[in-house]
Amino acid sequence: MATLRFQALNELLSRAPKDVKLPSNKVTDYYGELVFNNDAMRKYLSRDAFAAVQAANAKGGTIDRKQADGIASGMKAWAIEKGATHYTHWFQPLTDGTAEKHDGFIDYGDDGSIIENFSGKLLAQQEPDASSFPSGGIRQTFEARGYTAWDTSSPAFIVGTTLCIPTVFISYTGEALDYKTPLLKALSSVDEAATAVCQYFDKNVQKVHTNMGWEQEYFLIDEALYQARPDLALTGRTLMGHSSSKDQQLDDHYFGSIPERVAKFMIDLEVEAHKLGMPIKTRHNEVAPSQFEVAPIYEEANLGNDHNQIIMDLMKRVSRRHKFRVLFHEKPFAGINGSGKHNNWSLGTDTGVVLYAPGKNPKTNLQFLTFVVNTLMAVYKNQDLLRASILTASNSHRLGANEAPPAIISAFLGTEVSAMLDKIVAEVPDHKMTPDEKTALKLGIGRIPEIILDNTDRNRTSPFAFTGNRFEFRAVGSSANAAASTTVLSAAVAAELREFKVNVDALIEKGVKKDEAIFQILKKMIIECEPIRFNGDGYSDEWKDEAAKRGLTNITSVPESLSKYLEPSAKKTLVEGGIMSEKELEARVEVELEKFVYKIQIESRVLADLAINHIVPTAVTYQTKLIQNVQGLKDLFGADEFETLAGARLELIKDISNHTSAIKKMRKEMIEARKECNVMEEGLEKAHAYDQKVRPFLDQIRYHIDKLELIVDDEIWPLPKYRELLFNC
Ligand code: ADP
Ligand code: MG
């Protein structure tokens, strides 16, 4: 019987691109048609109900029960017209991915007949059984209830025949069990702090929102080949596989012409995304073979993050229609680039100003510099927290490898902005400024803008780069819920802005003029956070030494990094900042540590299985064939000639034995190590143990398997090889 590998390769020969029809070549004809957006609300809601939603969005308030009934009934009418039969509270638990429990509109009416029902109560709140979602011990199983509550700031949408209502997910005792709740708190915290600082420059600013523009990288693998790789199917990455002779050396994939089969998938995806109101704009080939990227135009961060979660789900479904599987793992293939999710982050005012876009005059430029410096300081003080928000079992393969930023957090500003900050340090005097000095300085900062916008340097090696009108946090993993990083970043900047305001106000109270007070505080901050600024090559070894000299941290261990969530400085940002309670924070760390342990445990089990059930038997089969051949040579030629004829084959026979023995021995040791770790009760200790005692075996065992792959007859090798997985679109 042919192995799955050869069946899959055969199947591949008959693959044809799937035809996709655009609903119209004008995207505006169908954009947002599956979203209960303002247009739909105007049509289906009473004036009062519509106003209630708008007011709740503007002020973050709640909607009363009577209004909620009206809204629910309008939403139901709209959804049924679009073909929906069910509704769900859609939420983002602390697992990877989103959760939904569908309920039909079907219900008994007062007279016992069947009706379609959807009330304000059902819209506003649901009580799903929360016992199977991770809670880090907050919710014991005997208090299984959690509840979901409507997030009015993200509109309802329809997937298939289900109306999805974005919600937060909270334990019965009120603690957040999801990614959205702390994100909303952080966004509101940075709104408040940034609005207060904006008031120094423009009294008209009443609200500051956070913008997010994500760039999602992914791999597409043919579904038949994927199914023939149990490691891919169960862990999202290849646990073995010798590198292909050609992979990304020639850089011929990046921005190359998109293969037709993939292009059809992308178009199909974009149509669905546009119907769901996601402003998807960019598609291209990435650096590694079979790697691609999709990106929208940036949106308000809560909505943007929801959209990223929705599109990841959509990509899984749409890819299947095209007989692909999508991989979000940060490092599915050793030796070639992995996937990230760049998180483009900025703040914008309700007066239409992006606070990280250099202004056109000295006043707006001082505002720009104020926000840049506060952000730098926030990153400097919260390096460990930022890293903790992005470092996971899977992302740890990518960070520090050559395509990804290292585990050192630093910020890139580019030459122009760097020069501006240096200028402030050099030219703001310690004494009270004379009017001439003030004018000179203001004129100086009035001159930069156009240059920056046109010439933002494109340093690709920095984990946190200023890119003209925003910061790009590049260390985020492709499979992650980016809310974790946006929460930490926004909370950190909020805390910094609050401190800045206190310091500036104190000087003003002492009689220092406002602009001068701002300059003086900025100068101090620029000097203090200098170590975080790095414009050089973040991938180089020199940077590691230099960063150590500067006192920057470099943590590659996931458990160690996660434990930083519980340091006093992290609590200052998150707990004092009102983003999470201490209990929520501890629970979150526990959940993350648990996920880390499970991921390594699963990888270790899968590898052990494959090694012993797939690889060793195959190697032995081939070895037996060699032995028979050698035996035959001996019979034919006799001992003298045989030595010269069979020498190389004898070596091979020995090599195979050495590799299979090593695999068997290490597999046993790995299983023993797992047993030792499994009895540990304390989360951090267990995670450290898994990291140090189990994880190293994965690479060590793989080494021998990959050597065998090079030796053993291709005809009988059971698993699709890298060259087959990566070059088939
Ligand atoms: P690149 O690959 O050069 O970084 P892309 O166009 O692929 O650029 O992605 C950049 C992302 O940043 C897009 O989602 C874009 O809308 C977003 N973006 C642009 N300006 C801002 C901003 N001020 N705030 C947040 N995101 C932004
Ligand atoms: Mg980018």
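Throughout, numbering of the chain's residues begins at 1 and tracks the sequence. In this text, all values refer to a predicted model and were calculated from it rather than measured experimentally. Order of listing sets the numbers, starting from 1, for every ligand and every atom in it.
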Which atoms of ligand 1 sit under 4.0 Å from any heavy atom of V354? 23 (N)
Partner residues of F333 under the ring-ring contact (aromatic ring centres under 6.0 Å, His included) criterion, sequence neighbours left out: F219, Y722
Is it the case that W345 and S490 place a side-chain donor and acceptor less than 3.5 Å from each other? yes
Residues two or more places apart in sequence or in another chain: which of them pass ring-ring contact (aromatic ring centres under 6.0 Å, His included) with F471? Y356, F464, F466
Give the numbers and elements of all ligand 1 atoms closer than 4.0 Å to a heavy atom of I297. 16 (O)
Is any side-chain heavy atom of S339 closer than 4.5 Å to one of F328? no
Distance-only, no hydrogens or angles: does the N382 side chain make a donor-acceptor pair with backbone N or O of A378 under 3.5 Å? yes
Nitrogen or oxygen atoms of T282 and ligand 1 under 3.5 Å apart: no
Check whether any side-chain heavy atom of F292 sits under 4.5 Å from a side-chain heavy atom of R283, and report yes or no. no
Under 4.0 Å to a heavy atom of N211 - the qualifying atoms of ligand 1, by number: 24 (N), 25 (C)
Checking heavy atoms under 4.0 Å, the part of N469 that sits near ligand 1 is both
Say whether N211 and E300, considering side chains only, have a donor N or O and an acceptor N or O under 3.5 Å apart. no
Polar contact flag for P296 and ligand 1 (N/O pairs, less than 3.5 Å): yes
I'd like to check which ligand 1 atoms, numbered from 1 as shown, lie under 4.0 Å from a non-hydrogen atom of E293. 7 (O)
Closer than 4.0 Å to some heavy atom of G213 - which atoms of ligand 1 meet that? 14 (O), 26 (N)
Is ligand 1 less than 4.0 angstrom away from at least one heavy atom of E472? yes
Taking both backbone and side-chain atoms of Y298, is any N or O found less than 3.5 Å from an N or O belonging to ligand 1? yes
